[in-house]
Amino acid sequence: MTNGRVAIVAGCRTPFAKSGTVYRDLTALDLAKACVRELVERTEVDPSAIGYVVMGQVIPSVKAPNLGREVVLSTGLPKESPAHTVNRACASANEAIAEVASACPARMAEATSAIASLAEAQARFTAFSRVRLRDLVPETPAIAEPSTGLTMGQSAEKMAKENGITREEQDRIAFLSHKNAAAATEDGRLPAETCTVLVPPCYEVAVSADNLLRKDTSMEALAALPPVFDRKYGTVTAGNASPLTDGAAAVLLMSEAKAKSEGYEPLAYVRSWAVAAVDPGGQLLMGPALAIPQALERASLQLSDMDLIDMHEAFAAQVASNIQALESETWAREKLGRSRALGKVDRDRLNVCGGSIALGHPFGATGARITTTLANELARRKGKFGLLSVCAQGGLGFAMVLER
Ligand SMILES: CC(C)(COP(=O)(O)OP(=O)(O)OC[C@H]1O[C@@H](n2cnc3c(N)ncnc32)[C@H](O)[C@@H]1OP(=O)(O)O)[C@@H](O)C(=O)NCCC(=O)NCCS
């Protein structure tokens with residue numbers, strides 16, 4: 001695997017913000033434009049070399065349904081660049097990256113580059129023909145499973161109970177998410193991945209930092225929070241769940257040959273990926289525990305080969321449940337048809353720059369944030385392999401292996 005590889009050249013995201021706060025009046029397109037423009041500027045890539053744009057978006061806009069194309073037309077990219085928009089729920093960003101990665105070496109030969117770019121802002125207003133009062137209320141994203149009616153939070157609660165994930169274990173994952181994200185913010189690693197967003201229409205307010213991160217959170221503060229989704233017997237709280245978030249992120253991909261000929265030092269290369277699904281009627285957010293083994297198998301690598309692991313934290317209970325499955329012989333036997341567990345997840349290599357609990361989770365952008373952070377951190381540590389995973393609505397799971 002040399003010249004056929006797909007290089008991750010760079011990534012950039014907007015600061016992530018609690019939904020309905022600083023980006024309240026912005027659209028997904030506004031946010032996507034901000035990070036795509038910044039990515040092009042920072043990398044000094046010749047815009048005319050951008051051959052394709054793929055955007056991931058979970059809550060489509062009625063005004064700009066093909067967000068990818070609108071980004072092309074509003075950021076100075078060549079108007080002849082085709083673009084499309086994909087939805088694989090919370091793994092939409094990953095899907096966009098995988099689609100560009102599939103196209104890069106073949107369709108785009110060695111002379112082009114492509115941007116996979118992902119965005120999410122809250123859906124604004126529902127379409128209406130007769131105005132009723134409830135039409136004027138912003139529509140909130142659907143976080144209930146259409147097939148079961150259970151919300152994501154209720155599903156996480158169910159997983160915590162069935163898998164015996166304690167409140168303390170969940171709070172520890174949340175605590176480490178904030179602690180690691182705070183350290184990576186303090187020393188500049190995460191700020192280096194973000195752009196500043198000037199908020200229209202006056203452009204006087206500049207958003208330059210994530211606003212969900214709590215540098216001062218503690219196990220005691222987390223333990224004091226009440227459960228949200230099962231108020232009596234539950235363990236999932238506002239502290240150990242990812243919050244509803246607005247933000248966008250973009251990743252620049254090129255064929256290895258193009259990156260080299262242009263003088264870029266790629267952060268990492270895409271080695272393999274896999275998508276899997278579980279029955280949402282069982283444990284909804286277990287997709288990663290199926291996708292990870294497949295991605296590793298396609299990469300001909302073991303879990304123990306991974307220098308870093310970045311797992312999307314929809315809920316701490318989901319992270320703990322997936323880790324439990326990867327380390328379980330029963331899961332291996334019953335779900336993977338293997339005699340041995342996939343292996344131990346080294347917690348010291350997990351989400352070393354924090355995760356979605358601390359930073360937030362704009363549904364369509366998280367996969368690009370994770371890909372960028374994992375690639376940057378792998379390069380910084382001179383690691384060889386990195387693994388990322390994302391769980392998504394409908395019981396989906398996505399995993400990708402990066403290499404250097
Ligand atoms: C869990 C959820 C309902 C909480 O929403 P919320 O009530 O708006 O959350 P808030 O940010 O207001 O937090 C509630 C309280 O917890 C506190 N809190 C939250 N995280 C904390 C932390 N780490 N440490 C200390 N306190 C914390 C807040 O300060 C707030 O306290 P207050 O009521 O005194 O102001 C919401 O974030 C949610 O729905 N998350 C899941 C989203 C989802 O399903 N996504 C899909 C996953 S793929």
Side-chain angles (χ1 to χ4, degrees), residues 16-22 24 56 58-59 87-94 118 120 122-123 138 140-146 148-160 167-168 170-182 210-231 234-247 278 280 283-288 311-319 321-322 354-367 369-370 389-398:
F16 285 177
K18 186 175 165 88
S19 278
T21 60
V22 287
R24 193 176 43 247
V58 178
I59 307 158
N87 188 344
R88 203 189 273 283
C90 294
S92 294
N94 309 93
L118 323 303
E120 196 66 80
Q122 289 266 46
T140 49
I143 49 174
E145 276 298 302
T148 65
L150 284 189
T151 65
M152 290 270 173
Q154 288 166 333
S155 303
E157 193 64 81
K158 182 178 176 202
M159 289 166 68
R167 168 74 184 266
E168 194 191 346
Q170 293 174 56
D171 286 350
R172 181 151 302 280
I173 288 170
F175 174 69
L176 289 174
S177 183
H178 284 277
K179 184 170 170 251
N180 291 347
D210 299 317
N211 77 4
L212 283 152
L213 176 61
R214 292 166 185 265
K215 294 180 181 169
D216 57 351
T217 199
S218 62
M219 284 297 285
E220 294 72 33
L222 285 161
L225 297 173
V228 181
F229 302 102
D230 173 354
R231 290 174 192 276
T235 49
V236 178
T237 70
N240 60 39
S242 63
L244 292 168
T245 309
D246 291 336
V278 297
Q283 293 191 4
L284 179 71
L285 304 174
M286 292 302 288
M311 199 178 259
H312 162 51
E313 301 163 342
F315 298 89
Q318 151 265 323
V319 173
S321 295
N322 278 275
S356 301
I357 291 174
L359 296 167
H361 169 39
F363 303 149
T366 286
R369 171 189 68 76
I370 289 177
S389 74
V390 176
C391 59
Q393 191 182 37
L396 295 170
F398 182 99

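Whatever order the structure lists them in is the order used to number ligands and atoms, beginning at 1. Both backbone and side-chain heavy atoms feed into the values below; hydrogens, waters and symmetry mates do not.
Note that atom 44 (O) of ligand 1 has protein non-hydrogen atoms nearby, at separations under 4.0 angstrom. Protein heavy atoms all stay at least 4.0 Å away from atom 33 (O) of ligand 1. Per-atom contact check: atom 7 (O) of ligand 1 does not touch the protein, criterion being a heavy-atom distance below 4.0 Å. Checking atom 48 (S) of ligand 1 against the protein gives a heavy-atom contact under 4.0 Å. Within a 4.0 Å radius of atom 2 (C) of ligand 1, the protein has no heavy atom. Of the protein's heavy atoms, none falls inside 4.0 Å of atom 36 (C) of ligand 1. Atom 30 (C) of ligand 1 is not flagged as protein-proximal [any protein heavy atom, distance under 4.0 Å].
Among protein heavy atoms, the minimum distance from atom 16 (O) of ligand 1 is reached at L225 CD2, 3.5 Å. Among protein heavy atoms, atom 28 (C) of ligand 1 sits closest to R214 NH2, 3.2 Å.
Counting heavy atoms from C-beta outward, P227 and T235 have side chains that stay 4.5 Å or more apart. At a threshold of 4.5 Å between non-hydrogen side-chain atoms, the residues D246 and S19 count as touching. Between F363 and L244, the closest side-chain pair of non-hydrogen atoms falls below 4.5 Å. Put simply, the side chain of T245 does not reach to within 4.5 Å of the side chain of K18, judged on heavy atoms. Between Q318 and S155, the closest side-chain pair of non-hydrogen atoms is not below 4.5 Å. The side-chain heavy atoms of R369 and F16, taken from C-beta on, include a pair separated by under 4.5 Å. Within the 4.5 Å cutoff, no side-chain heavy atoms of Q154 are placed close to those of D230. Residues L284 and K158 have side chains not in contact (no heavy-atom distance under 4.5 Å, counting atoms from C-beta outward).
Ligand 1 has a nitrogen or oxygen under 3.5 angstrom from a nitrogen or oxygen of K18. Looking at ligand 1, you won't find any N or O of T237 less than 3.5 Å from one of its N or O atoms. Polar contact with ligand 1: present for T217 (N/O pair, distance under 3.5 Å).
Remark: among candidates F175, F229, F363, the nearest residue to atom 39 (O) of ligand 1 is F229, based on non-hydrogen atoms. Considering A358, G153, A238, S242 only, the shortest heavy-atom separation from atom 41 (C) of ligand 1 involves S242.
Rounded to the nearest 0.5 angstrom, L176 CG and D171 CG are separated by 11.0 Å.
Counting atoms of ligand 1 from 1 in the listed order, those under 4.0 Å from a heavy atom of L222 are 22 (C), 23 (N). Every atom of ligand 1 with a heavy atom of A314 under 4.0 Å away is listed here by number and element: 47 (C), 48 (S). The contact set between ligand 1 and P243, taken as ligand atoms under 4.0 Å from a residue heavy atom, comprises 37 (O). Those atoms of ligand 1 with a heavy atom of C90 less than 4.0 angstrom away are 48 (S). Every atom of ligand 1 is numbered from 1 in the order shown, and the set under 4.0 Å from a heavy atom of G239 is 20 (N). Atoms of ligand 1 found under 4.0 Å from any heavy atom of H178, numbered from 1 in the order shown, are 23 (N).
Across L222, T237, V236, a single residue satisfies side-chain contact (heavy atoms from CB on, under 4.5 Å) together with R167, and that is T237.
S177 contributes a side-chain N or O that, together with a main-chain N or O of A358, makes up a donor-acceptor pair within less than 3.5 Å. The main-chain N or O of I357 is found under 3.5 Å from a side-chain atom of E313 such that the two form a donor-acceptor pair.
Looking at H361 against ligand 1, only its side chain comes within 4.0 Å, counting heavy atoms.
Under the 30°/60° scheme for interplanar angles, the aromatic rings of H312 and H361 are found to be tilted.
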